[in-house]
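Hydrogens, waters and symmetry mates are skipped; everything else that's a heavy atom, side chains included, is used.
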Amino acid sequence: MAAKAGAAASFMFMLFLLNTACQAHLSPAFYDSSCPNALSAIRTAIRSAIASDRRMAASLIRLHFHDCFVQGCDASILLDETTSIQSEKTALGNLNSARGYNVIDKAKTEVEKICPGVVSCADIIAVAARDASAYVGGPSYAVKLGRRDSTTASRTLANAELPAFVESLESLISRFQNKGLTARDMVALSGSHTLGQAQCFTFRERIYNHSNIDAGFASTRRRRCPRLGSDSTLAPLDLVTPNSFDNSYFKNLMQNKGLLQSDQVLFNGGSTDSIVSEYSRNPARFKSDFGSAMIKMGDIGLLTGSAGQIRRICSAVN
């Protein structure tokens, strides 16, 4: 019995060492020696893109989220379709919706000019999301670096694991918990929707048939989203300050002005009402929690060490 206990303890210790070693690969200073100008090159590319298209800030944050929720934060979302790869770009949650691929490609090109084959596309996505947040008034936070890129993608997983705009609160909480994220993390991350826009077909049911929606708000949204047609017409998720990273999103939810069903369920008599209320009163707490949740999300399903590869072109394996 003592021998078995000793063996078990030894095994658990080895697991601890392996986990510690894996985490040691990630550090905000990962490229300080190998590519000291990488972060400034990425930041310049991101700022330029958002200056030309303010919507791009929300798109880059969303791109990081959609990458991490499918296979982990491995840049699988950037891979194009091939005979052996089912691109995640054509998954239901990304098709004609996800944006920013070209911005990441541009940042990668600039980084490759100064440090070829050093900086992963997965890290560029993570840094781009942080820089996008900071550029429009959101929090800046330390991005842990050292991810490597996947050599595979999965449209099937993307269809199964990306949240849908009609999800219930319970389903959303479960999805996030499956990724190691709490309900508070989920609500904080959802706050970035203050920058986003949605297509008419995603909120038509809500503005015409739901009862938990402000009547004036619904009437305003119906003007550009008729019962039939105009499916791709865009509307801002936040009518108040659509170009600023602030806590208006949560104030809107408390007034039944959530445009998507999956937004309003966060404040609809359920377990997350108190978090929404807290963030509506305390923007500093929201921004702090958002930064922490982004860091936490950035740890999902990592490839480090010798796993994966460093892609030279983000849309294709080497």
Could you walk me through whether Tyr249 and Tyr279 satisfy the ring-ring contact (aromatic ring centres under 6.0 Å, His included) test, starting with their C-alpha distance in whole Å, then the side-chain angles of each, then the deciding distance to 0.1 Å, before giving a yes or no?
CA-CA 9 Å; Tyr249 170 80; Tyr279 289 160; 9.9 Å; no
Identify the two heavy atoms, one from [X] and one from [Y], that lie closest to each other, and give their separation to 0.1 Å.
{"X": "Val136", "Y": "Asn243", "answer": "CB-O, 4.2 Å"}
{"X": "Ser192", "Y": "Ile61", "answer": "OG-CG2, 3.9 Å"}
{"X": "Asn212", "Y": "Gln264", "answer": "ND2-CG, 3.7 Å"}
{"X": "Thr304", "Y": "Gly146", "answer": "CG2-O, 3.9 Å"}
{"X": "Ala57", "Y": "Ala132", "answer": "O-CB, 3.7 Å"}
{"X": "Ala51", "Y": "Tyr135", "answer": "CB-OH, 3.6 Å"}

Whether [X] side chain and [Y] backbone form a donor-acceptor pair below 3.5 Å:
{"X": "Gln86", "Y": "Ala153", "value": "no"}
{"X": "Glu167", "Y": "Ser262", "value": "no"}
{"X": "Gln197", "Y": "Pro236", "value": "no"}
{"X": "Asp263", "Y": "Leu259", "value": "no"}
{"X": "Ser48", "Y": "Thr44", "value": "no"}
{"X": "Asp67", "Y": "Cys73", "value": "no"}
{"X": "Asn159", "Y": "Leu92", "value": "yes"}
{"X": "Thr82", "Y": "Ile85", "value": "yes"}
{"X": "Arg175", "Y": "Phe69", "value": "no"}
{"X": "Ser230", "Y": "Pro226", "value": "no"}

Report yes or no: do [X] and [Y] form a side-chain donor-acceptor pair below 3.5 Å?
{"X": "His193", "Y": "Asp238", "answer": "no"}
{"X": "Gln255", "Y": "Asn252", "answer": "no"}
{"X": "Ser306", "Y": "Arg148", "answer": "no"}
{"X": "Arg281", "Y": "Ser277", "answer": "yes"}
{"X": "Asn247", "Y": "Ser280", "answer": "no"}
{"X": "Asn256", "Y": "Asp214", "answer": "no"}
{"X": "Arg155", "Y": "Thr90", "answer": "yes"}
{"X": "Ser232", "Y": "Gln199", "answer": "no"}

Are side-chain heavy atoms of [X] and [Y] found at a separation under 4.5 Å?
{"X": "Leu169", "Y": "Leu266", "result": "yes"}
{"X": "Val119", "Y": "Leu145", "result": "no"}
{"X": "Asp123", "Y": "Ser120", "result": "yes"}
{"X": "Ile77", "Y": "Ile125", "result": "yes"}
{"X": "His64", "Y": "Arg130", "result": "no"}
{"X": "Asn37", "Y": "Ser40", "result": "yes"}
{"X": "Leu79", "Y": "Asp149", "result": "no"}
{"X": "Arg54", "Y": "Leu195", "result": "no"}

Starting at [atom1] of [X], measure out to [atom2] of [Y] and round the result to the nearest 0.5 Å.
{"X": "Ile46", "Y": "Glu110", "atom1": "CD1", "atom2": "CD", "value": "11.0 Å"}
{"X": "Ile104", "Y": "Ser315", "atom1": "CD1", "atom2": "OG", "value": "12.5 Å"}
{"X": "Phe176", "Y": "Thr182", "atom1": "CZ", "atom2": "OG1", "value": "10.0 Å"}
{"X": "Gln71", "Y": "Ser76", "atom1": "CD", "atom2": "OG", "value": "4.5 Å"}
{"X": "Gln309", "Y": "Cys121", "atom1": "CD", "atom2": "SG", "value": "9.0 Å"}
{"X": "Cys68", "Y": "Leu63", "atom1": "SG", "atom2": "CG", "value": "9.5 Å"}

Check the hydrophobic clustering (I, L, V, M, F, W, Y; side-chain heavy atoms under 4.5 Å; chains of links allowed) and say if Leu303 and Ile300 are grouped together.
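In one cluster with Leu303: Ile300, no.
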Does [atom1] belonging to [X] count more than 12 external heavy atoms closer than 6.0 Å?
{"X": "Asp32", "atom1": "CG", "value": "yes"}
{"X": "Lys106", "atom1": "NZ", "value": "no"}
{"X": "Leu234", "atom1": "CG", "value": "yes"}
{"X": "Arg222", "atom1": "CZ", "value": "yes"}

Passes salt bridge (Lys or Arg N to Asp or Glu O under 4.0 Å), Glu278 versus Arg184? Steps please.
CA-CA 11 Å; Glu278 178 185 358; Arg184 176 173 283 270; 2.7 Å; yes
What residues, two or more places apart in sequence or in another chain, satisfy salt bridge (charged side-chain N to carboxylate O under 4.0 Å, His left out) together with Arg204?
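With sequence neighbours excluded, Arg204 shows a salt bridge (charged side-chain N to carboxylate O under 4.0 Å, His left out) to Asp231, given in chain and number order.
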Let me see the working for Asp74 and Arg147 under salt bridge (Lys or Arg N to Asp or Glu O under 4.0 Å), right down to the final yes or no.
CA-CA 7 Å; Asp74 60 0; Arg147 301 168 188 80; over 6 Å; no
Verdict with supporting geometry, Lys257 and Leu239, side chain to side chain contact (heavy atoms under 4.5 Å, CB included)
CA-CA 9 Å; Lys257 294 180 180 180; Leu239 275 173; over 6 Å; no
Taking 4.0 angstrom as the limit, do Asp299 and Lys144 come out as a salt bridge?
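Yes, charged N to carboxylate O under 4.0 Å.
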Are Lys179 and Met297 close enough, and set up right, to give a side chain to side chain contact (heavy atoms under 4.5 Å, CB included), and what steps lead you there?
CA-CA 8 Å; Lys179 303 298 181 183; Met297 184 179 74; over 6 Å; no
Taking disulfide (SG to SG under 2.5 Å) as the cut-off, I'd like each qualifying pair that reaches into residues 218-289, sequence neighbours left out, listed once.
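Residue pairs with at least one partner in residues 218-289: Cys200-Cys225.
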Go through it in stages, so that I can follow the logic: the residues are Asp246 and Lys287, the test is salt bridge (Lys or Arg N to Asp or Glu O under 4.0 Å), and I'd like the CA-CA distance, side-chain angles, deciding distance and then a yes or no.
CA-CA 8 Å; Asp246 57 25; Lys287 290 185 177 183; over 6 Å; no
Is Lys89 positioned over the aromatic face of Tyr101, cation under 6.0 angstrom from the ring centre and no more than 45 degrees off axis?
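Yes, Lys89 sits over the ring of Tyr101.
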Reference residue Phe250; test side chain to side chain contact (heavy atoms under 4.5 Å, CB included); the match among Thr194, Ile275, Val276, Asn282
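Result: among Thr194, Ile275, Val276, Asn282, Val276 is the only option passing the side chain to side chain contact (heavy atoms under 4.5 Å, CB included) with Phe250.
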Starting from the C-alpha separation in whole Å, work towards a yes-or-no answer on salt bridge (Lys or Arg N to Asp or Glu O under 4.0 Å) for Asp185 and Lys296.
CA-CA 9 Å; Asp185 294 328; Lys296 194 172 175 181; 2.8 Å; yes
